[in-house]
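Nothing here was measured: the structure is a model prediction, and the numbers come from that model. For ligands, and for the atoms within them, numbers begin at 1 and follow the listed sequence.
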Amino acid sequence: MRVRLEEFTWAEMAKLLKRTPDAIAVLPVGATEQHGPHLPLGTDSINVDALCVQAAQREPDVYVLPCVPYGVSHNHIDFQGTLTLQPETLIAVVVDVIRSLCGHGFRRVLIVNGHGGNNATLDVAAIKARQALPQVLIGHSYSGALAAAAYATHSTSGIYYHSDEGETSETLAIRPDLVQMANARRDVTEPFSAYYHRYYAPSGEMKGLVSYGLPPTICLSTSGIMGDASLASEEKGRRIVEGYLGALVKVLQDLKRLDFTTPLR
Ligand SMILES: [Zn+2]
């Protein structure tokens, strides 16, 4: 079933929007950044794109836009191949894309973010788009939140951060041909551990009290892995993907059900 916007003609799109004005446009946003010595630079984009397409195949009247392959990745810039945008650039791209969609009649948009470093920026983009287009419902979902319950159930390392057990498993389930498991390993350095346990882990007594933006990865891990990638498996990945898709489909159904006239501004 075709769900990618780019595979339709403009004439088909016109007919479709006339028939289903409450169709949802999904904008996946990824990153091109280091993912350790075992995962490809495009991991976030590849995964979020695949998951949006799979969710759209389960839920009718959902169309997936071409994935934005660049994100806010300045913290990974010391690793070759990493590309980064200024937050303002990403905000401008996302708002312009949503403005184009809405000009043609889309009234419900969901941004699905595949890279944690984009969250603050995409929150601002959603606010700006909503201000510019008050007649449109704009949601913003983050992969980490969509997959959180599944990660907690199926990961055994207890650390959910970057290029780790969960993310490697997910990629094994989506693009196993791109995963170099021979290079997957545990990398939990002292500085990372102190940072993670203080500000992220459930046991961290200062969890959520302060944010330092995105600390440079090179200060926390020389491999780029933060967690234990060696524990990854395709089977765990399949269960994580199922959990993720279940959550994403629920968000889409919710977005469809929201009363269009409800003032959400
Ligand atoms: Zn990632």
(request) Using 2.8 Å as the cut-off, note every protein N, O or S atom close to the Zn ion (ligand 1). (result) H35 NE2, D44 OD1, E167 OE2
Would you call [X] and [Y] a salt bridge, using N to O less than 4.0 angstrom?
X: R4; Y: D49; value: yes
X: E12; Y: K15; value: no
X: E242; Y: R58; value: yes
X: D22; Y: R108; value: yes

(message) Does either side chain, that of H35 or that of S163, offer a donor lying less than 3.5 Å from an acceptor on the other one?
(response) no
(message) Is it the case that the side chains of H38 and T168 hold a donor-acceptor pair, with the cut-off being a distance below 3.5 Å and no angle test?
(response) yes
